[in-house]
Amino acid sequence: MADTTALNARLAPGPQGKKPRPILAPRNIMLYGALIFAAVYYLLPLYVMVVTSLKGMPEIRLGNIFSPPVEITFEPWVKAWSTACTGLNCDGLSRGFWNSVRITIPSTIVSIAIASINGYALANWRFKGADLFFTILIVGAFIPYQVMIYPIVIVLRELGLYGSLTGLIIVHTIFGMPILTLLFRNYFASLPEELFKAARIDGAGFWMIYFKIMLPMALPIFVVAMILQITGIWNDFLFGVVFTRPEYYPMTVQLNNIVNSVQGVKEYNVNMAATILTGAVPLIVYFISGRLFVRGIAAGAVKG
Amino acid sequence: MTSNSVSVRDLSLSFGAVTVLDTLNLDVKDGEFLVLLGSSGCGKSTLLNCIAGLLDVTGGQIFIKEKNVTWEEPKDRGIGMVFQSYALYPQMTVEGNLSFGLKVAKLPQAEIDKRVARASEILQIQPLLKRKPSELSGGQRQRVAIGRALVRDVDVFLFDEPLSNLDAKLRSELRVEIKRLHQSLKNTMIYVTHDQIEALTLADRIAVMKGGVIQQLADPMTIYNTPENLFVAGFIGSPSMNFFRGEIADRGGRKVVSVNGVDLSIDSYKARGPIEAGRKIVLGVRPEHVKVDEAPAGTDIHDAVVDIEEPMGADNLLWLKLAGQIMSVRIAGARRYAPGTPVRLSFDMSLASIFDATTENRL
Ligand SMILES: Nc1ncnc2c1ncn2[C@@H]1O[C@H](COP(=O)(O)OP(=O)(O)O)[C@@H](O)[C@H]1O
Ligand SMILES: [Mg+2]
């Protein structure tokens with residue numbers, strides 16, 4: 001009996017398969033509830049920061065951190081950018097911002113340029129000692145930074161670069177090398193090997209293959225590397241504070257100095273504005289290239 | 001004059017501890033179409049890559065056009081190569097793909113244009129010149145890849161399974177085209193495949209490889225009719241040759257192969273030397289070398305029963321049981337047998353192969 005009913009049901013005309021789930025099914029409520037909760041949890045601090053940065057100090061003293069500003073003021077932003085005191089000087093975050101720009105751009109470009117060539121050489125030109133070189137590089141990626149700080153200070157001092165921007169740029173470039181090389185090596189290794197062989201038969205050499213064949217195919221992974229480097233170097237605090245002098249402090253270090261300054265009253269609105277300003281660069285980078293980033297991360301699986 | 005176009009002398013190649021090729025020798029004649037045939041992983045591509053200069057050999061020498069090119073760069077060897085995955089440069093147009101190597105070689109633009117025009121005419125890809133590889137079908141891509149070898153104006157073409165990524169129909173089309181190309185260009189072609197049909201249809205000579213060793217090097221008909229060993233016999237032919245393990249026996253002065261109590265006379269077999277009684281052997285008989293219900297006078301008759309019938313149009317394939325084992329027989333497509341029909345088989349032993357059971361070499 002049951003068999004024939006089931007069979008009839010299957011043969012019946014009309015829509016087949018399971019009934020679509022209603023929007024308010026318990027499962028959906030659970031799912032969306034959890035997602036909304038997580039979103040609120042992460043967005044709430046941002047909300048508090050933006051709101052606080054737009055209030056004047058008298059309003060902040062009223063104590064309700066969630067209430068929207070009654071009287072919107074951009075005073076704290078201006079102060080954070082140009083007049084807040086960071087330790088010795090009182091010209092705001094602007095100095096730190098330009099320092100960070102001068103650190104991040106060369107470090108990103110140089111480290112990516114070198115790492116992509118390293119990765120390409122490792123993936124395609126199996127030179128003698130390539131495996132050893134690669135192993136050393138990978139081991140390098142797992143050594144905690146703290147172990148290396150003091151030796152690097154000595155090396156930079158001997159080179160006469162300690163305290164300078166150049167010194168910090170070199171440090172960032174070197175520390176980015178293992179993970180970036182790994183990234184590029186794996187990407188180039190995922191491209192069809194026959195493409196490389198075809199180019200060699202066509203007579204192209206090391207640089208010709210790199211620039212004419214590999215580089216145009218590697219754009220997604222360059223975007224990934226760029227995001228990793230820009231955000232990583234921009235957010236760096238430790239190297240910045242250890243390897244540079246106060247006038248070259250990157251934005252993160254200056255932010256810390258503003259927020260943790262002990263003189264006078266705590267200006268929460270200025271602190272919030274300064275924090276948002278400092279975080280803006282990585283945020284903008286994510287927003288612009290987030291889509292490319294995901295595509296680049298997934299690109300390893302996509303052939304040629 | 002038939003000089004050698006490509007000569008491989010005592011070639012060895014190892015990847016670390018793994019030896020893929022060990023003192024391999026091979027001569028390819030001028031204008032010859034040589035097919036390297038073997039199952040996956042037997043070292044065919046490795047050998048081809050050594051000839052192309054894409055792998056550094058561990059030992060031995062390679063000559064192309066009598067010139068020792070063992071340590072020459074790939075571009076200086078006078079070869080063009082076509083790969084299984086097409087390996088077209090994705091960011092360049094078809095024209096860019098064809099002309100890339102010529103531009104690298106700094107040929108004058110007029111010469112480049114001339115060669116690209118000629119190649120695209122031969123391969124009929126003129127309408128595609130401005131397209132990117134991603135806008136081409138598989139067959140078109142492989143044509144362009146062949147074109148890229150063609151514009152190089154070289155003496156030796158190397159193909160590494162060029163048709164394996166294509167569907168069956170395109171594969172047979174392009175196969176004919178490659179054969180036509182060879183007939184008109186008359187240059188040397190070395191062609192790697194694991195597909196025996198490609199090998200049999202294209203080759204002047206086939207080198208059957210196994211485990212990095214060339215098992216037999218001969219023209220297709222020799223390979224098909226007189227395989228040197230059990231591996232070659234089993235590898236070529238579809239359905240595979242029927243094999244019977246047995247023993248040579250003497251029945252009153254008459255030599256027979258005895259398989260599970262069934263005697264097959266080997267009087268008509270053209271053995272290379274004397275085969276003494278008592279020797280353990282493997283008898284190989286191709287499906288089309290067995291007659292069903294039409295034995296010529298004076299031959300041994302064996303009774304069998306049809307198990308399964310596979311009509312294939314022109315042919316009809318019968319699967320039967322003889323001497324306790326399943327065998328296949330190919331007959332004309334018009335002759336039909338229902339399963340369970342008793343039949344009388346006779347073997348054409350002059351066309352059979354007999355191999356030693358231990359050395360597996362032809363006797
Ligand atoms: N780069 C390599 N490193 C190590 N082993 C390899 C490498 N390339 C090929 N091999 C090994 O060499 C053998 C022959 O490979 P190949 O010539 O590609 O076989 P075929 O083309 O006949 O399928 C295989 O066993 C393969 O695993
Ligand atoms: Mg192969």
Side-chain angles (χ1 to χ4, degrees), chain A residues 116-117 119-135 184-224 292 295-296 298-304, chain B residues 15-16 45-46 48-56 72-92 96-107 112 132-134 141-142 144-149 151-152 154 156-162 164-165:
Chain A
S116 64
I117 295 163
Y120 155 69
L122 284 168
N124 289 308
W125 299 84
R126 303 215 175 80
F127 54 91
K128 254 209 169 74
D131 289 339
L132 182 70
F133 180 78
F134 189 58
T135 314
F184 277 104
R185 193 203 80 110
N186 288 353
Y187 183 81
F188 286 125
S190 78
L191 297 176
E193 196 191 3
E194 298 187 337
L195 214 48
F196 173 75
K197 291 181 175 173
R200 285 201 62 200
I201 288 181
D202 268 341
F206 186 91
W207 295 109
M208 178 86 86
I209 296 178
Y210 174 75
F211 283 111
K212 293 275 162 126
I213 311 293
M214 297 298 168
L215 209 60
M217 287 198 294
L219 287 182
I221 207 70
F222 272 92
V223 173
V224 171
L292 288 168
R295 212 185 297 163
V302 185
K303 290 260 171 171
Chain B
F15 294 110
S45 299
T46 303
L48 206 65
N49 283 330
C50 287
I51 295 173
L54 296 168
L55 285 172
D56 288 341
E72 294 274 8
E73 282 291 307
K75 67 174 160 72
D76 300 325
R77 295 188 175 204
I79 50 125
M81 190 159 176
V82 179
F83 300 92
Q84 176 175 352
S85 68
Y86 323 127
L88 299 179
Y89 313 126
Q91 70 279 9
M92 298 181 198
N97 269 279
L98 293 179
S99 58
F100 180 69
L102 308 179
K103 287 202 179 116
V104 172
K106 299 204 167 60
L107 258 62
I112 294 178
K132 291 277 179 68
S134 56
R141 286 182 204 188
Q142 201 52 291
V144 176
I146 294 172
R148 193 167 53 183
V151 291
R152 292 178 57 74
V154 288
V156 180
F157 273 22
L158 307 175
F159 292 90
D160 194 351
E161 311 219 15
S164 298
N165 279 10

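Bear in mind the structure is a predicted one, so any value in this text is a computation, not a measurement. Heavy-atom basis, side chains included; hydrogens, waters and symmetry copies ignored. In what follows, chains carry the letters A, B, and so on, assigned in the order in which the sequence lines appear, proteins first and then strands, with residues in each chain numbered from 1.
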Do you see a donor-acceptor pair shorter than 3.5 Å between the side chains of A:Ser116 and A:Tyr187?
-> no
Measure B:Ile79 against the heavy atoms of chain A and call it side chain, backbone, both or neither at under 4.5 Å.
->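 For B:Ile79, heavy atoms of backbone and side chain both lie under 4.5 Å from chain A.
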B:Asn49 versus chain A, heavy atoms under 4.5 Å apart: side chain, backbone, both or neither?
->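 For B:Asn49, the contact with chain A is made by the side chain alone.
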What residues of residues 198-208 of chain A sit under 4.5 Å from chain B when you count only heavy atoms?
->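 Residues A:Ala198, A:Ala199, A:Arg200, A:Ile201, A:Asp202, A:Gly203, A:Ala204, A:Met208 are the ones that qualify, each having a heavy atom under 4.5 Å from chain B.
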State, yes or no, whether a side-chain contact exists between [X] and [Y] at a heavy-atom distance under 4.5 Å.
{"X": "A:Met217", "Y": "B:Gln91", "value": "yes"}
{"X": "B:Phe83", "Y": "B:Phe159", "value": "no"}
{"X": "B:Phe15", "Y": "B:Thr46", "value": "yes"}

What residues form a side-chain contact (heavy atoms from CB on, under 4.5 Å) with B:Lys75, not counting sequence neighbours?
->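 Residues passing side-chain contact (heavy atoms from CB on, under 4.5 Å) with B:Lys75: B:Glu73, B:Arg152.
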Set of side-chain contact (heavy atoms from CB on, under 4.5 Å) partners for B:Ala105, sequence neighbours left out | B:Leu107
Side chain to side chain donor-acceptor pair (under 3.5 Å) filter on A:Tyr120, not counting sequence neighbours, yields A:Trp125
